[in-house]
Chemist: 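The structure is given below, and queries will be raised subsequently.
Model, not experiment: these values are computed from the prediction.
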Amino acid sequence: MPNQTSATEFLLLGVTDIQELNPILFAIFFTIYFVNITGNGAILMIVISDPKLHSPMYFFLGNLACLDICYSTVTVPKMLENFLSTSKAISFLGCITQLHFFHFLGSTEALLLAVMAFDRFVAICKPLHYSVIMNYQLCIQMTITIWIIGFLHALLHSVMTSHLRFCGSNHIHHFFCDIKPLLDLACGNTEINLWMLNTVTGTIALSSFFLIFLSYFYIIAYLFLKTRSCSMLHKALSTCASHFMVVILFYTPVIFTYIRPTSSSSLDQDRVIAIMYSVVTPALNPLIYTLRNKEVRNALTRKMRRWL
């Protein structure tokens, strides 16, 4: 790897060039990260410890909480360190490692949201067969599959990026190592890398989004055709509301960033959008599920009463 590049380290230029804002930004992002770790950690804890939440829906929710903790941890600690440090360097190996885990966890979360939509489809449209279809073995198989797909997808990007030559500037106009900023620094032909980014990553994102859309289409069609009671319709849709909000928060910035063609003016926009899906959204997910899900709220209340 070192023989194919003259760069041994990169400099992450971060969120802003205005040094006076760094202490304020550190406080803001540290608070968001703390909310993320605390909220998702609490959900993960109650999903594991509370027997009433031992169902496929909450099994996948626990996976989502775990992913959100890891997803932010890939980028936020380094960003916080750079806010307080004069040296913003990251080693070549560290940069490729960060890129790998960012895309590994991000693509896995995209696939997991599709699996969660399928779970809601079975629960609402085939309630009598739910326990048979969504059995423990199938849940484990689907979870292992999406984690493997995410890992292989990220491995493809990290290997291809590590074989590029970086013989010019080593300044990355981002707060973490991502593919687009690194391709801008590469000396050789990056057409294959761009094709993989737009095609492979785009296929995972769009196919997952299509499966989610299809699941919700069938759910809504089933409810309007089969359900005559407005209260039953509202109750069924409310069970999907939290997941739907998380899907919108996750997919909107991701699709905007990775599906559209890259340009010289897009990197600053990508930097702002990346804050949304890698920092803000993981912190909002536990708040969304806690506020809108009665069973999660009750489980948290029971846990807090035991502690008190």
Chemist: Does the pair Asp178 and His103 meet the rule for a side-chain hydrogen bond (donor to acceptor under 3.5 Å, both in side chains), with working shown?
Modeler: CA-CA 9 Å; Asp178 201 6; His103 283 271; 2.8 Å; yes
Chemist: So for atom OH, which belongs to Tyr130, do other residues, nucleotides or ligands contribute more than 12 heavy atoms lying within a distance under 6.0 Å?
Modeler: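 Yes.
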Chemist: Hey, is the main chain of Ile204 close enough, under 3.5 Å, to the side chain of Ser207 for a donor-acceptor pair?
Modeler: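 Present.
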Chemist: So do the side chains of Gln19 and Asn22 get within less than 4.5 Å of each other, counting heavy atoms only?
Modeler: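 Gln19 vs Asn22: side chains touch.
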Chemist: Could you tell me how the ring of Phe10 sits relative to the ring of Phe166: parallel (under 30°), tilted (30 to 60°) or perpendicular (over 60°)?
Modeler: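 Phe10 vs Phe166 ring planes: perpendicular.
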Chemist: Applying the 4.5 Å side-chain criterion to the ILVMFWY set and letting contacts propagate, would Leu206 and Leu211 be lumped into a single cluster?
Modeler: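 Leu206 does not cluster with Leu211.
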Chemist: When you measure from the side chain of Thr190 to the backbone N and O of Asn193, does any donor-acceptor pair fall under 3.5 Å?
Modeler: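 No; judged by distance alone, with no hydrogens or angles, the pair does not exist.
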Chemist: Could you grab the distance from atom CG of Asn285 to atom CD1 of Ile69, nearest 0.5 Å is fine?
Modeler: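 Asn285 CG to Ile69 CD1: 11.5 Å, rounded to 0.5 Å.
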Chemist: A side-chain contact here means heavy atoms from C-beta on lying under 4.5 Å apart; do Ile219 and Cys125 qualify?
Modeler: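 Sidechains of Cys125 and Ile219: in contact.
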Chemist: For Phe60 versus Cys139, what's the shortest heavy-atom pair and its separation?
Modeler: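 What the structure gives for the nearest pair is CZ-SG, 3.9 Å.
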Chemist: Nearest 0.5 angstrom please: Ile28 CD1 to Leu80 CG, how far?
Modeler: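 Ile28 atom CD1 to Leu80 atom CG measures 11.5 Å (nearest 0.5 Å).
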Chemist: Using 0.5 Å steps for rounding, measure from the CG atom of Leu111 to the OG1 atom of Thr145.
Modeler: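 Answer rounded to 0.5 Å: 10.0 Å.
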Chemist: I need the minimum non-hydrogen distance between Ala299 and Ile46, along with the two atoms involved.
Modeler: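 Looks like CB-CD1, 4.0 Å.
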Chemist: Does the Ser72 side chain pair with the main chain of Ser278, one donor and one acceptor, at a distance under 3.5 Å?
Modeler: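 Side chain of Ser72 to backbone of Ser278: a pair is present.
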Chemist: Without swapping roles, check the side chain of Glu109 against the backbone of Leu64 for a donor-acceptor pair under 3.5 Å.
Modeler: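 Checking the backbone N and O of Leu64 against the side chain of Glu109, no donor-acceptor pair under 3.5 Å is found.
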Chemist: With a 4.5 Å cut-off on side-chain heavy-atom distances among I, L, V, M, F, W and Y, is there a chain of contacts connecting Leu287 to Val246?
Modeler: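 Yes, because Leu287 and Val246 connect within a single hydrophobic cluster, where side-chain heavy atoms sit under 4.5 Å apart.
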Chemist: Taking the side chain as everything from C-beta on, heavy atoms only, tell me whether Val122 gets closer than 4.5 Å to Pro56.
Modeler: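 With C-beta onward as the side chain, the pair stays apart.
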Chemist: Is any side-chain heavy atom of Met134 closer than 4.5 Å to a side-chain heavy atom of Met142?
Modeler: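 Counting from C-beta outward, Met134 and Met142 do come under 4.5 Å.
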Chemist: Once rounded to the nearest 0.5 Å, what's the spacing between atom CG of Leu300 and atom CD1 of Ile43?
Modeler: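 That separation rounds to 7.0 Å.
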Chemist: What's the shortest heavy-atom distance between Tyr251 and Ala110, and which atoms?
Modeler: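 In this case the closest contact between Tyr251 and Ala110 is OH-O, 2.8 Å.
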Chemist: Determine whether a donor-acceptor pair (N or O, by modelled atom type, separation under 3.5 Å) exists between the side chain of Ser162 and the backbone of Val159.
Modeler: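 Answer holds: yes.
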Chemist: Around atom CD1 of Ile248, are there more than 12 heavy atoms of other residues, nucleotides or ligands at under 6.0 Å?
Modeler: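 It does: Ile248 CD1 has more than 12 such atoms within range.
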Chemist: So does Val47 get a backbone contact from the side chain of Asp50, meaning a donor-acceptor N/O pair under 3.5 Å?
Modeler: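 Between the backbone of Val47 and the side chain of Asp50 there is no qualifying donor-acceptor contact (under 3.5 Å).
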Chemist: Using every non-hydrogen atom in the two residues, find where Asn82 and Ser87 come nearest and quote the distance to one decimal.
Modeler: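 For Asn82 versus Ser87, the nearest heavy atoms are OD1-O, 3.8 Å.
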Chemist: With a 3.5 Å distance limit and no angle check, can you tell me whether Tyr216 reaches the backbone of Cys240 through a side-chain donor-acceptor pair?
Modeler: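 Indeed, once roles are kept as given, a pair shorter than 3.5 Å links the two residues.
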Chemist: Can you check whether Val115's main-chain N or O pairs, donor with acceptor, with Asp119's side chain at less than 3.5 Å?
Modeler: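 No.
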Chemist: Taking the six-membered ring for Trp, are Phe26 and Phe83 parallel (under 30°), tilted (30 to 60°) or perpendicular (over 60°)?
Modeler: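 Ring orientation of Phe26 relative to Phe83: perpendicular.
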Chemist: Testing the basics here: between Leu138 and Ile133, what is the closest heavy-atom pair and its distance to 0.1 Å?
Modeler: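 Closest approach of Leu138 to Ile133, heavy atoms only: CD2-O, 2.9 Å.
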Chemist: When you group the ILVMFWY residues by side-chain heavy-atom contacts below 4.5 Å and let the links chain together, are Leu155 and Met196 in the same group?
Modeler: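 Result: no, two separate clusters.
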Chemist: Can you see which heavy atom on Leu194 is nearest to which on Leu183, and at what distance?
Modeler: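 Smallest heavy-atom distance, with atoms named: CD2-CD1, 3.6 Å.
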Chemist: Less than 6.0 angstrom separating the ring centers of Phe151 and His100, yes or no?
Modeler: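 Under 6.0 Å, so yes.
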Chemist: Would a 4.5 Å heavy-atom cut-off, applied to side chains only, mark Leu67 and Trp147 as touching?
Modeler: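 Leu67 vs Trp147: side chains touch.
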Chemist: Please say whether more than 12 non-hydrogen atoms of neighbouring residues, nucleotides or ligands are located less than 6.0 Å from CG in Leu84.
Modeler: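 More than 12 heavy atoms, drawn from other residues, nucleotides or ligands, come within 6.0 Å of this atom.
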Chemist: Taking salt bridge (Lys or Arg N to Asp or Glu O under 4.0 Å) as the definition, give me every residue that meets it alongside Glu9, ordered by chain and number, with sequence neighbours left out.
Modeler: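 Residues passing salt bridge (Lys or Arg N to Asp or Glu O under 4.0 Å) with Glu9: none at all.
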Chemist: Counting C-beta onward and ignoring hydrogens, is there a side-chain heavy-atom pair between Ile172 and Cys177 closer than 4.5 Å?
Modeler: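 In short, these two side chains touch, coming nearer than 4.5 Å.
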Chemist: Can a donor-acceptor pair be found, under 3.5 Å and without considering hydrogens, that links the side chain of Ser107 to the backbone of Phe104?
Modeler: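 Indeed, once roles are kept as given, a pair shorter than 3.5 Å links the two residues.
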Chemist: Between Val76 and Val279, is there a side-chain heavy-atom distance shorter than 4.5 Å?
Modeler: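 The answer is yes; the side chains approach within 4.5 Å.
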Chemist: Can you tell me how far the CG atom of Asn36 sits from the OG1 atom of Thr73, to the nearest 0.5 Å?
Modeler: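 Separation between the atoms: 7.0 Å.
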Chemist: With rounding to the nearest 0.5 angstrom, report the NE2 to CG distance, His171 to Leu12.
Modeler: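 It comes to 10.5 Å.
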Chemist: Are Val132 and Met57 connected, step by step, through hydrophobic side chains (Ile, Leu, Val, Met, Phe, Trp, Tyr) whose heavy atoms are closer than 4.5 Å?
Modeler: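 No, Val132 does not connect to Met57 through the hydrophobic network.
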Chemist: Are the side chains of Leu53 and Leu61 in contact, using a 4.5 Å heavy-atom criterion?
Modeler: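 A side-chain contact under 4.5 Å is absent here.
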Chemist: Taking the side chain from His174 and the backbone from Leu13, do they hold a donor-acceptor pair closer than 3.5 Å?
Modeler: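 It does not hold such a pair.
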Chemist: Would Tyr71 and Phe102 count as a close aromatic pair, with their ring centres under 6.0 Å?
Modeler: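 Between Tyr71 and Phe102, the centre distance is under 6.0 Å.
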Chemist: Would you say Val247 and Leu214 are hydrophobically clustered, going by side-chain heavy atoms of ILVMFWY under 4.5 Å?
Modeler: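 As far as the 4.5 Å side-chain criterion goes, Leu214 and Val247 are connected within one cluster.
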Chemist: For the residue pair Phe30 and Phe34, does the interplanar ring angle fall in the parallel (under 30°), tilted (30 to 60°) or perpendicular (over 60°) class?
Modeler: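 Judged by the thresholds at 30° and 60°, the geometry between Phe30 and Phe34 is parallel.
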